[in-house]
Amino acid sequence: MEPIADGSSTTAATPAAASSAISQWKFAVSQRFQHFLDKSTPYLLYRWIAFLCIALIYGVRVYLVQGFYVVSYALGIYLLNLFIGFLSPQDDPEFDATLPIRNSEEFRPFVRRLPEFKFWYSITKAFCIAFVLTFFSVFDVPVFWPILLFYWVMLCTLMLRRQILHMMKYKYVPFSTGKQIYPLLLSEIWRKERLLSRERKLEYLVENSRRENLYAAGMQMHDLTRKVEMI
């Protein structure tokens with residue numbers, strides 16, 4: 001009976017060990033992938049070039065097979081929603097006024113609802129998934145594609161128009177480059193620079209005076225020592 005018990009325990013332990021090995025492998029792969037994403041964060045230009053290549057491959061694939069227009073339409077709707085989130089501020093100015101709207105207010109950079117890296121990662125992943133779906137005929141639904149294109153253009157026009165009106169109403173631009181430095185802020189920066197330069201000059205004069213006093217005291221001590229030796 002004991003060998004049977006041992007065999008049953010060994011058989012029961014084998015699936016647990018296999019599941020543990022699979023979970024460890026998944027964790028290692030996810031860690032490596034996250035490490036790769038973290039390293040690619042500062043390489044903005046190369047990341048977007050890679051995305052354009054993926055998008056071009058998907059476009060060529062759809063053009064060659066002449067199908068999967070529903071997949072492309074869903075992909076376009078998803079990209080439009082991501083783009084609106086990319087252009088929108090993190091906090092709605094209607095309820096939380098975090099953006100400067102007057103010249104007397106302090107400059108604050110534009111904080112997006114969807115950061116640039118997440119925007120790039122989401123659309124790249126969406127194109128990769130759509131590309132994989134083009135290999136399954138079940139997703140190739142026959143449809144008259146000009147109607148889908150017309151719907152998408154109309155929806156894109158309405159959503160972008162609403163977003164532009166929102167920008168004009170609350171006077172913000174969804175880009176942090178080329179922002180205006182207001183006169184009061186510029187004068188405050190200049191005043192602080194002057195105070196800092198004065199403090200540095202004063203510290204230099206104090207330090208120089210201290211060194212001169214130490215040198216003079218040392219010379220006096222040296223002369224006094226020589227006089228004592230001569231006596």
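Keep in mind that this is a model prediction, so the values were computed, not measured. The chain is numbered in sequence order, starting from 1. Computed over heavy atoms, backbone and side chain alike; hydrogens, waters and symmetry mates excluded.
- Remark: Tyr58 pairs with Ser72 by the side chain to side chain donor-acceptor pair (under 3.5 Å) rule, at least two apart or across chains.
- Note on residues 44-68: pairs passing salt bridge (charged side-chain N to carboxylate O under 4.0 Å, His left out), not counting sequence neighbours, are Arg47-Glu116.
- At least one donor-acceptor pair under 3.5 Å links the side chain of Asp140 to the backbone N or O of Phe68.
- Residues Ile57 and Leu52 are members of one and the same hydrophobic cluster, defined by side-chain heavy-atom contacts under 4.5 angstrom among Ile, Leu, Val, Met, Phe, Trp and Tyr.
- No path of Ile, Leu, Val, Met, Phe, Trp and Tyr side chains, each step under 4.5 Å between heavy atoms, connects Leu133 with Tyr63, placing them in separate hydrophobic clusters.
- For an aromatic pair to be called close, the ring centres must be under 6.0 Å apart, and Phe51 with Phe127 satisfies this.
- Criterion: ILVMFWY side-chain heavy atoms under 4.5 Å apart, direct or through other members. Under it, Val143 and Val62 are part of a common hydrophobic cluster.
- The ring-ring contact (aromatic ring centres under 6.0 Å, His included) test applied to Phe135 returns Phe131, not counting sequence neighbours.
- Note: Leu82 CG to Ile77 CD1 = 11.5 Å, rounded to the nearest 0.5 Å.
- Atom CD1 of Ile54 is separated from atom CD1 of Ile123 by 9.5 Å, given to the nearest 0.5 angstrom.
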Contacts table for residues 31-38: side-chain donor-acceptor under 3.5 angstrom, sequence neighbours left out:
residue: Gln34; atom: NE2; partner: Asp38; partner atom: OD1; Å: 3.1

Exercise for the section: Walk me through it: do Leu87 and Phe83 pass the test side-chain contact (heavy atoms from CB on, under 4.5 Å)? Expected result: CA-CA 6 Å; Leu87 296 179; Phe83 186 63; 3.4 Å; yes
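- Linking Ile, Leu, Val, Met, Phe, Trp and Tyr whenever their side-chain heavy atoms come within less than 4.5 Å leaves Ile164 and Leu80 in two separate clusters.
- Taking the side chain as every heavy atom from C-beta outward, Tyr78 and Ser122 approach each other to under 4.5 Å.
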Would you tabulate the side-chain donor-acceptor contacts of residues 149-162 under 3.5 Å, counting partners in other chains and residues two or more places apart, or write 'none'?
residue: Trp152; atom: NE1; partner: Gly76; partner atom: O; Å: 3.0
residue: Thr157; atom: OG1; partner: Val153; partner atom: O; Å: 2.7

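- Counting non-hydrogen atoms of other residues, nucleotides and ligands closer than 6.0 Å to CZ of Phe119 gives a total above 12.
- Residues Pro89 and Arg113 have side chains not in contact (no heavy-atom distance under 4.5 Å, counting atoms from C-beta outward).
- Note on Leu56 and Ile49: separate hydrophobic clusters, where clusters join Ile, Leu, Val, Met, Phe, Trp and Tyr whose side-chain heavy atoms are under 4.5 Å apart, directly or indirectly.
- Shown here are the ring-ring contact (aromatic ring centres under 6.0 Å, His included) partners of Phe117, two or more places apart in sequence or in another chain: Trp120.
- Smallest separation of non-hydrogen atoms from Ala126 and Leu75: CB-CD1, 3.6 Å.
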